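Below, read A as the first sequence line, B as the second, and so on, with proteins coming before strands; counting in each chain starts at 1. Note that the structure is a prediction, hence the values are computed from the model and not measured. The analysis underlying the following values was restricted to heavy atoms, covering all of them including side chains, and did not include hydrogens, waters or symmetry mates.
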Amino acid sequence: MKQFFTPALLEWNQNENSRSMPWKGEKDPYRIWLSEIILQQTRVEQGWAYYENFIQAYPTVKDLAAAPEEAVFRLWQGLGYYARCKNMLAAARQIVDQFHGHFPNTYDAIQSLKGVGPYTAAAIASFAFNLPHAVLDGNVFRVLSRYFDIDTPIDSTTGKKQFTALAQELLPHAQSAAYNQSIMDFGAVICKPQQPACSICPLSKKCKALQLNLVGLLPVKTKKLVIKKRYFYYLVLQYKDNIYIRKRTENDIWQNLHEFILIETPQPADIPTLQAMPVFKSTFVDMSYNINGTSAAFKQQLTHQTIYSQFIFMSVTKQPEMPGYIAVPRTQLDGFAFPKTITDFLKKRELSLF
DNA sequence: AATACGGGGGT
DNA sequence: ACCCCAGTATT
């Protein structure tokens, strides 16, 4: 079984695999790294355009390291998991400062980069430097758990250890790049999460899950998701042509992205209720304002929460004191990175209401 | 060892 | 609704 697995996979890759991606076969570690960061927990189709935009904007790691954070976040806007962006920029600067602009070329040194964990280090080490490190991503978990009928939960510590060891054992050291590419493409194209293509699978005759009719039950995950609801009221405050925004810094979603004045409530609230809240009163103390209207409700589904947002258009005639906020002309809002809910709102041009 | 972190696509 | 995606950092 084990003896069959790797050669059969490589043969499939050679003869049947027609998957094509901009970074495939790439040898420049910078480009490989960039693609891997973008693709963490992200579908190839979703990351594709981002990769091309980043390569065009920052052709070398030095270009990226020299870039202003705002610009990098703006390019990342909409991709999610924004800590990746922060860490990516920090890693680029690490490479320039610590490694003198030369991409590190050992597994440990690669993993010392911000935002680079075991998977990404193995991917870069193998693709760029042909080092014998097996990748372990969602595809590999799925392929191995099915082919070998392993029901150890993949989100457990023992599961990670077990699959890491097995993946490493199956790796042909002389062909680590091809093998890693093969198993991930195979998982994406043949051994898919839903409706795997077992009928045309070249490994099917030795696949234990298929023999035991367990394909739909593997891999096993244990943890269940808890989703909470949150209610955001954004005060879009206008003075002359300026809108007030700030960067999110708290330990919460959308860190380092921008937003308007936020009032969060534990349940839906109407405007009088918001106006009665201490946070609202202290924001507008000694300030007369107008409320010019409200937007439609926006809903955004995240992994651990559902966010309902509404935008409230406000204006003042005297320049407001807004510590922590920056006044931005409407036409310059597109220089800042915002969460999806806000870019959706801005796209609707409801700002023209005032 | 558990949990949080986005947004999109599929069923 | 729920699951998954070329996972990692933090608690």
> Using side-chain contact (heavy atoms from CB on, under 4.5 Å), reason through Thr273(A) and Thr265(A) one step at a time and then give a plain yes or no.
CA-CA 10 Å; Thr273(A) 305; Thr265(A) 60; over 6 Å; no

> Would you say Asn256(A)'s side chain and Cys85(A)'s backbone share a donor-acceptor pair under 3.5 angstrom?
no

> Which pairs, with at least one residue in residues 53-76 of chain A and sequence neighbours excluded, count as a salt bridge (charged side-chain N to carboxylate O under 4.0 Å, His left out)?
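Every pair satisfying salt bridge (charged side-chain N to carboxylate O under 4.0 Å, His left out) with a residue in residues 53-76 of chain A: Glu69(A)-Lys86(A), Glu69(A)-Lys247(A), Glu70(A)-Lys247(A).
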
> One pair to check against side-chain contact (heavy atoms from CB on, under 4.5 Å): Val220(A) and Ile154(A). What are the steps and the verdict?
CA-CA 6 Å; Val220(A) 172; Ile154(A) 63 172; over 6 Å; no

> Sort and list the pairs that fulfil salt bridge (charged side-chain N to carboxylate O under 4.0 Å, His left out) and have at least one residue in residues 230-241 of chain A, not counting sequence neighbours.
Arg230(A)-Asp252(A), Arg230(A)-Glu264(A), Asp241(A)-Arg330(A)

> Is it the case that the side chain of Asn290(A) and the backbone of Asn292(A) share a donor-acceptor pair, with hydrogens and angles ignored and the cut-off at 3.5 Å?
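No.
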
> Does a donor on one side chain sit under 3.5 Å from an acceptor on the other, for Asp137(A) and Asn139(A)?
yes

> Taking only heavy atoms on the protein side, list every residue of residues 18-57 of chain A lying under 4.0 Å from any atom of DNA chain B, sorted numerically.
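Result for residues 18-57 of chain A: Gln41(A), Thr42(A), Arg43(A), Gln46(A), sorted by number.
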
> When the P atoms of dC3(C) and dT3(B) are considered, how many whole Å apart are they?
15 Å

> Tell me which residues in residues 142-149 of chain A lie within less than 4.0 Å of DNA chain C, going by non-hydrogen atoms.
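Contacts with DNA chain C under 4.0 Å: Arg142(A).
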
> Please report the distance separating the P of dA6(C) from the corresponding atom of dA4(B), rounded so that it comes out in whole Å.
24 Å

> Looking at DNA chain C, which of residues 108-119 of chain A put a heavy atom within less than 4.0 Å of it?
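Close to the strand are Lys114(A), Gly115(A), Val116(A), Gly117(A), Pro118(A), Tyr119(A).
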
> Aromatic rings Phe336(A) and His258(A): how do their planes relate, parallel, tilted or perpendicular, breaks at 30° and 60°?
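The rings of Phe336(A) and His258(A) stand perpendicular, inter-plane angle above 60°.
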
> Would you sketch DNA chain B in dot-bracket for me? Only Watson-Crick or G-U wobble pairs with both distances under 3.5 Å count, crossing pairs as [ ], other-strand pairs as |, the rest as dots.
|||||.|||||

> Measure the spacing between CD1 of Ile37(A) and CG of Leu34(A) and express it to the nearest 0.5 Å.
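The distance works out to 8.0 Å.
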
> dG6(B) P sits how many Å from Gln255(A) CD, rounded?
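Those two atoms, CD and P, are 9 Å apart.
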
> Regarding Ser156(A), tell me which of base, sugar-phosphate or nothing describes its non-hydrogen contacts under 4.0 Å with the strands shown.
nothing

> Where the side chain of Gln195(A) is defined as all heavy atoms beyond and including C-beta, which of dT3(B), dG8(B), dT11(B) is the nearest nucleotide?
dT11(B)

> Between the side chains of Tyr119(A) and Glu36(A), is a donor N or O closer than 3.5 angstrom to an acceptor N or O?
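Side-chain D/A pair, Tyr119(A) to Glu36(A): present.
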
> Starting from the 5' end of DNA chain B, give me the residue, Asp252(A) or Asp155(A), whose nearest nucleotide shows up first.
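Nearest-nucleotide comparison on DNA chain B picks Asp155(A).
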
> The criterion is side-chain hydrogen bond (donor to acceptor under 3.5 Å, both in side chains); which residues satisfy it with Asp185(A), sequence neighbours excluded?
Asn17(A), Arg19(A), Lys24(A), Gln181(A)

> Using a 4.0 Å cut-off on heavy atoms, which residues in residues 167-188 of chain A reach DNA chain C? List them by number, or say none.
Gln181(A), Met184(A), Asp185(A)

> Would you say Asn53(A)'s side chain and Ala49(A)'s backbone share a donor-acceptor pair under 3.5 angstrom?
yes

> Which of residues 76-97 of chain A have a heavy atom under 4.0 Å from DNA chain B?
Gly78(A), Leu79(A), Gly80(A), Tyr81(A), Tyr82(A), Arg84(A)

> Please check: side-chain N/O of Gln94(A) versus main-chain N/O of Lys114(A), any donor-acceptor pairing under 3.5 Å?
yes

> So Thr303(A), base contact, sugar-phosphate only, or nothing? Heavy-atom distance under 4.0 Å.
base

> Of all the heavy-atom pairs spanning Leu262(A) and Tyr325(A), show the shortest one and how long it is.
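Distance-wise, the nearest heavy atoms are N-OH, 4.2 Å.
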
> Could you pull out all donor-acceptor pairs under 3.5 Å where a side-chain atom in residues 275-283 of chain A meets a protein atom, sequence neighbours excluded?
unit_1, atom_1, unit_2, atom_2, d
Gln275(A), NE2, Tyr289(A), OH, 2.9
Ser282(A), OG, Pro278(A), O, 3.1
Ser282(A), OG, Val279(A), O, 3.2
Thr283(A), OG1, Val279(A), O, 2.6

> Please list, in 5' to 3' order, the outermost nucleotides of DNA chain C lying under 4.0 Å from any heavy atom of chain A.
dC4(C) to dT11(C)

> Using atom types as modelled, flag every donor-acceptor pair under 3.5 Å from a side chain in residues 188-204 of chain A to any protein atom, sequence neighbours excluded.
unit_1, atom_1, unit_2, atom_2, d
Ser204(A), OG, Cys201(A), O, 3.0

> Could you tell me how far apart Gln301(A) (CD) and dG8(B) (C1') are, to the nearest whole angstrom?
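Distance check: Gln301(A) CD to dG8(B) C1' gives 12 Å.
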
> Given Thr306(A), which of Lys299(A), Lys229(A), Gln301(A) fulfils the side-chain hydrogen bond (donor to acceptor under 3.5 Å, both in side chains) condition?
Gln301(A)

> Between Tyr82(A) and Phe73(A), how do the two ring planes meet: parallel, tilted or perpendicular, split at 30° and 60°?
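Rings of Tyr82(A) and Phe73(A): parallel, as their planes differ by under 30°.
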
> When the ring planes of Phe186(A) and Trp12(A) are compared, do they come out parallel, tilted or perpendicular, using 30° and 60° as the limits?
perpendicular

> Checking the side chain of Arg248(A) only, and the main-chain atoms of Ile253(A) only, is there a donor and an acceptor separated by less than 3.5 Å?
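Looks like yes, one N/O pair under 3.5 Å.
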
> Would you check if the distance from the ring center of Tyr234(A) to the ring center of Phe345(A) is below 6.0 Å?
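Aromatic pair excluded; centres sit 6.0 Å or further apart.
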
